Chemist: 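Pasting in a structure now, in structure tokens, and then I'll have a few things to ask.
All values reported here derive from a predicted model rather than from experimental measurement.
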Amino acid sequence: MTQPRILIIPGSARAGSLNRQLAAFAATTARAAGLAVHELDLRSLELPLYDGDLEVASGIPAGAFALQQAFLGCDGVLVVMPEYNGFPTPLVINAFDWLSRIQASTAHPAGVAATANKPVALLSASPGPGGGLRAMNYLRQYLQMGFAMLVVPQQFALGRAHEAFDDAGLLKDARTAQSVQAVLDALTRLARALTPPA
């Protein structure tokens, strides 16, 4: 059986980001399970802040089409995101805003067609005790209602994340690592169930 292809999107791009660390750990865990993994750096897409006048003047940025292709090329998505004032990061929301502006053409489907019925799972990390849980709940609604994605019920918020990793980037606590694995397992099961046989 072909293993699902998983797209992992860290919702923070800054150097030393705890969520980039958690995304990297999830990617390593997924690859160890035999999954094909693509890690996407949203900053590399060079998407400007969404502006309707900019869209009219310059069209859809190339980065938005690159994001669409990443979605079309995967069977499941893992978003690993911190919270900013209890809300999803602007980096994530802006990327999806641009994606939603892609209209269907002979060259490509609409942006939301790339996300519709696509399985997605959520992880978050924060130095605080809540681990970014508030933002995850907002993002769950946003992806379900705005992009018709299938958000798996399992999610994990890593609190006190600044204390969670060793020097090799691995999670120190075995139960925490198992929680990440459980989210990946749930995503994999749903992606496999929805992927037609080759």
Chemist: Under a 4.5 Å cut-off applied to non-hydrogen side-chain atoms, are M81 and P88 in contact?
Modeler: yes
Chemist: Tell me which pairs pass ring-ring contact (aromatic ring centres under 6.0 Å, His included) where either residue lies in residues 116-140, with sequence neighbours left out.
Modeler: F87-Y138
Chemist: I'd like to know if the side chain of Q154 and the backbone of V183 have a donor-acceptor N/O pair within less than 3.5 Å.
Modeler: no
Chemist: Between atom CG of N94 and atom CG of L45, what is the distance when rounded to the nearest 0.5 Å?
Modeler: 10.0 Å
Chemist: Tell me the closest heavy-atom pair linking T115 and M149, and the distance in Å.
Modeler: O-CG, 3.4 Å
Chemist: Could you tell me whether a side-chain N or O of Q144 sits under 3.5 Å from a main-chain N or O of Y142, the two making a donor and an acceptor?
Modeler: no
Chemist: So which atom in A113 and which in P109 form the shortest heavy-atom distance, rounded to 0.1 Å?
Modeler: CB-CB, 4.0 Å
Chemist: Under the rule for side-chain contact (heavy atoms from CB on, under 4.5 Å), what residues qualify as partners of N85, not counting sequence neighbours?
Modeler: none
Chemist: Any idea which heavy atoms bring L47 and A95 closest together, and the distance?
Modeler: CD1-CA, 3.8 Å
Chemist: Starting at CZ of R192, measure out to CD of Q3 and round the result to the nearest 0.5 Å.
Modeler: 5.0 Å
Chemist: Taking CD in E46 as the centre, count heavy atoms belonging to other residues, nucleotides or ligands within less than 6.0 Å. Is the count above 12?
Modeler: no
Chemist: Taking all heavy atoms of L122 and all of L78, pick out the closest pair and write down the distance.
Modeler: N-CD1, 4.2 Å
Chemist: Take D185 and Q181 through the side chain to side chain donor-acceptor pair (under 3.5 Å) test and state the conclusion after the steps.
Modeler: CA-CA 6 Å; D185 288 345; Q181 182 71 65; 2.8 Å; yes
Chemist: With sequence neighbours left out, write down each residue that passes side chain to side chain donor-acceptor pair (under 3.5 Å) with S12, or none if nothing qualifies.
Modeler: S17
Chemist: Taking all atoms of both residues into account, what is the closest heavy-atom pair of G16 and Q21, and its distance?
Modeler: O-OE1, 4.2 Å
Chemist: Once ring pair (Phe, Tyr, Trp, His ring centres under 6.0 Å) is applied, do any residues pair with Y50, and if so which ones, sequence neighbours excluded?
Modeler: W98
Chemist: Does any pair with a residue in residues 155-194 pass ring-ring contact (aromatic ring centres under 6.0 Å, His included), and if so which ones, sequence neighbours excluded?
Modeler: none
Chemist: Sequence neighbours left out, what passes side chain to side chain donor-acceptor pair (under 3.5 Å) with S126? Give chain and number order.
Modeler: none
Chemist: For R14 and R20, run side chain to side chain contact (heavy atoms under 4.5 Å, CB included): C-alpha distance rounded to whole Å, both residues' side-chain angles, the deciding distance at 0.1 Å, then the answer.
Modeler: CA-CA 8 Å; R14 70 173 182 83; R20 285 179 63 181; 6.0 Å; no
Chemist: State plainly whether one hydrophobic cluster holds both V92 and L99, where clusters connect Ile, Leu, Val, Met, Phe, Trp and Tyr through side-chain heavy atoms under 4.5 angstrom apart.
Modeler: yes
Chemist: Looking at D41, is its backbone amide N or carbonyl O close enough to the side chain of S44 to form a donor-acceptor pair, meaning the two atoms are under 3.5 Å apart?
Modeler: yes
Chemist: Heavy atoms only: give me the nearest A26-L184 pair and the separation to one decimal.
Modeler: O-CD1, 3.6 Å
Chemist: State, yes or no, whether a side-chain contact exists between N137 and L139 at a heavy-atom distance under 4.5 Å.
Modeler: no
Chemist: Could you list the residues that satisfy ring pair (Phe, Tyr, Trp, His ring centres under 6.0 Å) with F25, not counting sequence neighbours?
Modeler: none
Chemist: Looking at V120, L194, L187, which hits side-chain contact (heavy atoms from CB on, under 4.5 Å) with L150?
Modeler: L194
Chemist: Using modelled atom types and a 3.5 Å cut-off, is there a donor and acceptor pairing between side-chain atoms of R140 and backbone atoms of V152?
Modeler: yes
Chemist: Could you identify which residues cluster with L49, counting Ile, Leu, Val, Met, Phe, Trp and Tyr as linked when any side-chain heavy atoms lie under 4.5 Å apart, either directly or through a chain of such contacts?
Modeler: none
Chemist: Short question: side chain of T176, backbone of K172 - any donor-acceptor pair under 3.5 Å?
Modeler: no
Chemist: Measuring from atom CG of L158 to atom CG of L18, what distance do you get when rounded to the nearest 0.5 angstrom?
Modeler: 8.0 Å
Chemist: Who passes salt bridge (charged side-chain N to carboxylate O under 4.0 Å, His left out) against R189, sequence neighbours left out?
Modeler: none
Chemist: Starting from I9, can I reach L91 by hopping between I/L/V/M/F/W/Y residues whose side chains sit under 4.5 Å apart?
Modeler: yes
Chemist: Rounded to the nearest 0.5 Å, what's the gap from CG on L72 to NZ on K118? Could you check?
Modeler: 6.5 Å
Chemist: Applying salt bridge (charged side-chain N to carboxylate O under 4.0 Å, His left out), name anything that partners R31, two or more places apart in sequence or on another chain.
Modeler: E39
Chemist: Is the side chain of S124 donor-acceptor paired with the backbone N or O of G131 at a distance under 3.5 Å, no angle test?
Modeler: yes
Chemist: Are V77 and V112 connected in a single hydrophobic cluster, I mean Ile/Leu/Val/Met/Phe/Trp/Tyr linked by side-chain heavy atoms less than 4.5 Å apart?
Modeler: yes
Chemist: Drop me the distance from D173's CG to L171's CG, to the nearest 0.5 angstrom.
Modeler: 8.0 Å
Chemist: Would you please indicate yes or no on a ring centroid separation below 6.0 angstrom for F147 and F71?
Modeler: no
Chemist: Under the side-chain contact (heavy atoms from CB on, under 4.5 Å) test, which residues partner H108, sequence neighbours left out?
Modeler: F65, Q68, I102, S105
Chemist: From L170 CG over to T29 OG1, what is the distance, rounded to the nearest 0.5 angstrom?
Modeler: 8.5 Å
Chemist: Examine V180 and M136 and state if one hydrophobic cluster contains both, with Ile, Leu, Val, Met, Phe, Trp and Tyr joined whenever side-chain heavy atoms are less than 4.5 Å apart.
Modeler: no
Chemist: So L35 and T188, side chain to side chain contact (heavy atoms under 4.5 Å, CB included) or not? Walk me through it.
Modeler: CA-CA 9 Å; L35 301 178; T188 302; 3.4 Å; yes
Chemist: Do L7 and L22 belong together in a cluster built from hydrophobic side chains that touch within less than 4.5 Å?
Modeler: no
Chemist: Once salt bridge (charged side-chain N to carboxylate O under 4.0 Å, His left out) is applied, do any residues pair with R5, and if so which ones, sequence neighbours excluded?
Modeler: D75
